[in-house]
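Quick notes on the structure that follows.
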Amino acid sequence: MSQIKRGAFIVLEGCDRCGKSTQSRKLVEYLESCSIPVKYMAFPERSSNIGQVINAYLTNKQELNDETIHLLFTVNRWEHKNHILSLLNSGTTLVVDRYAYSGVAYSVSKGMSKQWCMSPESGLPRPDVVFYLKTNVNTLLDRGKFGEERYEKEDFQSKVARTFEEIYKMEQSYWHPIDASQSPDVIHSLVKEKTLEILKLVENTTPEVLDWLRKS
């Protein structure tokens, strides 16, 4: 019996409304068309009990202090850790809209310590590739529904963009920056091409873990 080749762990990151959800959907549809086992996920994953608390916070229905909400975002990822590894090791590729990097970027942008924010994320499964959709924050203001959730404010998103740049410099060995001002079809072509490379590279490897304790 041949050994099951593991799936790739693919994450899309960037500021709010930069196109992550659109590109995640297009990539999932493409992989499905190629008969590649694939599953879409998004963080925060809002269906769990913790996810519902996060959703209430993001939609301004509940107030929590900065430390509490940061840890809830982190726990939301940890509660899905075993499921993520099980899917990858069974041959399913994961396409994930936001991950630990957003958790750090948004909390650091509030003025919190980067080291404190990174510590509880260490040990989570590390993506094989992060598609970092870079964009000028001014271009986000005209996109549909911008401003509906708590963090969708121009000044704050500018801080988030700067923090993402700092994280990219730390993690650039597996981050793939893409100019998000390009058309969705051009971006999809770039994402698709890199994804096919990653699928071949990781098929006989084991998932790595985030090692931020060493870096911080």
Side-chain angles (χ1 to χ4, degrees), residues 2-15 18-45 76-78 80-105 118 121-135 161 163-212 214-215:
S2 61
Q3 184 178 2
I4 295 176
K5 297 176 180 178
R6 82 162 173 95
F9 188 5
I10 298 165
V11 168
L12 288 92
E13 283 284 14
C15 293
C18 69
K20 298 180 305 301
S21 298
T22 296
Q23 293 304 323
S24 297
R25 174 182 54 78
K26 290 173 76 71
L27 180 58
V28 168
E29 290 174 354
Y30 169 72
L31 294 175
E32 287 176 338
S33 74
C34 298
S35 299
I36 294 172
V38 61
K39 179 178 176 62
Y40 168 79
M41 293 182 71
F43 285 104
E45 201 292 310
N76 188 233
R77 288 181 280 275
W78 277 100
H80 291 90
K81 173 193 172 184
N82 290 347
H83 184 51
I84 288 171
L85 291 174
S86 176
L87 287 168
L88 293 175
N89 290 324
S90 68
T92 298
T93 286
L94 287 180
V95 176
V96 181
D97 184 345
R98 293 203 185 282
Y99 194 52
Y101 316 98
S102 280
V104 173
M118 289 166 61
E121 310 286 350
S122 291
L124 284 169
R126 199 204 79 180
D128 297 302
V129 64
V130 174
F131 290 110
Y132 170 33
L133 302 185
K134 301 178 60 171
T135 186
T163 309
F164 267 126
E165 279 296 305
E166 294 174 8
I167 297 173
Y168 164 59
K169 290 174 183 176
M170 292 173 54
E171 306 294 314
Q172 56 186 299
S173 64
Y174 60 100
W175 276 47
H176 190 68
I178 296 175
D179 179 0
S181 67
Q182 301 174 97
S183 74
D185 286 342
V186 169
I187 296 172
H188 173 59
S189 178
L190 296 170
V191 169
K192 179 173 66 175
E193 180 181 3
K194 186 65 176 178
T195 294
L196 294 176
E197 291 179 17
I198 294 297
L199 286 168
K200 292 184 180 299
L201 285 174
V202 306
E203 59 185 15
N204 294 314
T205 67
T206 56
E208 297 189 36
V209 299
L210 273 173
D211 192 14
W212 275 348
R214 174 180 57 80
K215 294 180 180 179

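Only this structure's heavy atoms are used, side chains among them; waters, hydrogens and symmetry mates stay out.
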N-O pairing of Glu165 and Lys169 below 4.0 Å: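 Here Glu165 does not pair with Lys169 in a salt bridge, since their nearest N and O are not under 4.0 Å apart.
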Salt bridge Asp97-Arg25, side-chain N to carboxylate O under 4.0 Å: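 The answer is no: the pair does not qualify as a salt bridge.
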Side chain to side chain contact (heavy atoms under 4.5 Å, CB included) between Glu208 and Tyr174, intermediate numbers included: CA-CA 12 Å; Glu208 297 189 36; Tyr174 60 100; over 6 Å; no
Would you call the rings of [X] and [Y] parallel, tilted or perpendicular, where under 30° means parallel and over 60° means perpendicular?
{"X": "His176", "Y": "Phe131", "value": "perpendicular"}
{"X": "His80", "Y": "Phe43", "value": "perpendicular"}
{"X": "Trp175", "Y": "Phe164", "value": "tilted"}

Closest contact, heavy atoms only, Ala8 versus Thr93: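 It is N-OG1, 3.1 Å.
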Is the closest side-chain heavy-atom distance between [X] and [Y] below 4.5 Å?
{"X": "Leu201", "Y": "Asp128", "value": "no"}
{"X": "Pro207", "Y": "Phe9", "value": "no"}
{"X": "Leu88", "Y": "Val202", "value": "no"}

Separation of Thr195 OG1 from Leu27 CG (nearest 0.5 Å):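 It comes to 4.5 Å.
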Ser189 side chain vs Val186 backbone, donor-acceptor pair below 3.5 Å: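 A pair under 3.5 Å: no.
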